[in-house]
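First the structure, in the form of structure tokens, and then the observations on it.
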Amino acid sequence: MSLKLELDFQYKTSIEKLWSALTDSNKLAKWVLENDFEPVVGHQFQFRAKPNEYWDGIIDGEVLIVDPPSHLSYSWAVGEEKHTVNWTLREIEDGKVNLHLEQTGFSNVHGLEGARHGWTNWCGELDKVLA
Amino acid sequence: MSEHKQLRDVFDAIADPTRRQLIRLLAETDDIPLHELTTQFNMGRTAVSKHLSILKEAGLVMDRKVGRETRFKLNPSPLREVQDWLSFYNKFWTANLLSLGFLLEEEDK
């Protein structure tokens, strides 16, 4: 187990179009959720899902990195849970673009004490504990 | 699942290195008294005890009295929550990234 989620998808498109799908509010609404996203560092935004009895449906975010057309990063907070979402775009062969998603939680732990206290090793042990 | 009421978020409980060390130690034993746990740390009994009660609040540690001493035991089930967010977001993004593929195809038409 790892405390981060990583996914890779390949799309037959241009890197500019993919970047626009990741950063244009109208396009994001079509494949993620309704939002008021803007690709401006420091911009605070929300993704809004349909509320249910357990959750108001709101995801709060703040734009952290905008480096077109290859790197986008924002925070992603649902209630007490705070994650960071990182997108990396890379042109590959045959006019395709690889989209890499990395979502990490525990951003504070990672930053402040992760390296010092071997958080990563601990995850391996967590697997053993849960086995 | 644990029948113990969870007063504290499990993510909060495991955010501290001392508490992760405690979980590690508890995972290796069946049942351990406080003084044996304390010898593993550069801190006093009270401090270790405080960390244990935070783990207890998160439902990660159970205690029982044996004679005059209290023995502590790990209850790993709340740690599943940590795994759950991964599987939730895995499904969430996989579905969304597939629709992104369709969206990009539509745009090209």
Side-chain angles (χ1 to χ4, degrees), chain A residues 1-14 17-18 20-22 24 26-33 47 49 59 76 78-83 85 87 97 99-110 112-114 116-119 121-123 125-131, chain B residues 1-2 6-30 41-42 55 58 60-61 73-109:
Chain A
M1 192 186 105
S2 136
L3 289 175
K4 67 179 171 187
L5 170 70
E6 288 187 274
L7 289 172
D8 277 283
F9 272 67
Q10 283 89 40
Y11 298 104
K12 205 169 172 59
T13 187
S14 68
K17 277 187 186 165
L18 186 56
S20 146
L22 287 169
D24 179 301
N26 290 327
K27 287 179 187 169
L28 282 169
K30 287 185 188 161
W31 70 276
V32 190
L33 291 164
F47 278 109
I59 298 155
W76 176 285
V78 179
E80 294 289 300
E81 234 180 285
K82 289 182 179 57
H83 299 167
V85 174
W87 298 101
V97 186
L99 177 62
H100 177 74
L101 162 70
E102 185 188 282
Q103 182 162 355
T104 50
F106 315 108
S107 45
N108 298 329
V109 178
H110 267 289
L112 295 175
E113 42 185 66
R116 195 156 57 97
H117 293 283
W119 180 259
N121 290 342
W122 191 77
C123 293
E125 292 184 40
L126 183 55
D127 266 345
K128 282 187 241 158
V129 173
L130 290 172
Chain B
M1 286 313 276
S2 163
Q6 212 171 300
L7 302 167
R8 187 181 285 270
D9 191 292
V10 62
F11 291 88
D12 193 20
I14 64 172
D16 180 273
T18 305
R19 293 200 286 276
R20 292 202 295 276
Q21 177 67 16
L22 275 168
I23 291 174
R24 238 185 235 131
L25 291 167
L26 290 164
E28 288 163 4
T29 55
D30 283 339
F41 295 93
N42 292 324
L55 291 173
L60 285 163
V61 164
K73 196 179 143 180
L74 181 70
N75 174 38
S77 58
L79 293 172
R80 299 256 175 237
E81 240 184 77
V82 180
Q83 282 183 322
D84 285 349
W85 81 256
L86 272 179
S87 59
F88 172 79
Y89 282 107
N90 195 350
K91 282 183 213 148
F92 176 83
W93 285 120
T94 303
N96 288 344
L97 289 165
L98 286 170
S99 23
L100 171 59
F102 292 120
L103 180 71
L104 292 165
E105 275 175 32
E106 283 292 310
E107 277 184 356
D108 272 352
K109 275 178 193 164

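Chain A is the first sequence line, chain B the second, and so forth, proteins listed ahead of strands; every chain is numbered from 1.
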If the plane angle is over 60° it's perpendicular, under 30° parallel, otherwise tilted; pick one for B/Trp93 and A/Trp87.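 B/Trp93 and A/Trp87: perpendicular rings.
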
Under a 4.5 Å heavy-atom cut-off, does chain A meet the side chain of B/Leu103, its backbone, both or neither?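 B/Leu103 touches chain A through side-chain heavy atoms alone.
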
Could you look at B/Phe92 and say if it's the side chain, the backbone, both or neither that has a heavy atom under 4.5 Å from chain A?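 Side chain of B/Phe92 only, per the 4.5 Å heavy-atom cut-off to chain A.
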
Just so I know, are the side chains of A/Leu18 and B/Leu100 near enough to count as touching, which here means a heavy-atom distance under 4.5 Å? yes

Student check: side-chain heavy atoms of B/Leu98 and A/Trp31 closer than 4.5 Å: no

List in chain and number order the residues that pass ring pair (Phe, Tyr, Trp, His ring centres under 6.0 Å) with A/Phe9, two or more places apart in sequence or in another chain; answer none if no residue qualifies.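 A/Phe9: no ring pair (Phe, Tyr, Trp, His ring centres under 6.0 Å) contacts found.
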
What one should report as the nearest heavy-atom pair of A/Leu5 and B/Asn90 is CD2-N, 3.6 Å

Set of residues satisfying side chain to side chain contact (heavy atoms under 4.5 Å, CB included) with respect to B/Glu107, sequence neighbours excluded: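 In terms of side chain to side chain contact (heavy atoms under 4.5 Å, CB included), with neighbours along the sequence ignored, B/Glu107 is linked to A/Lys17, A/Lys27, B/Leu104.
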
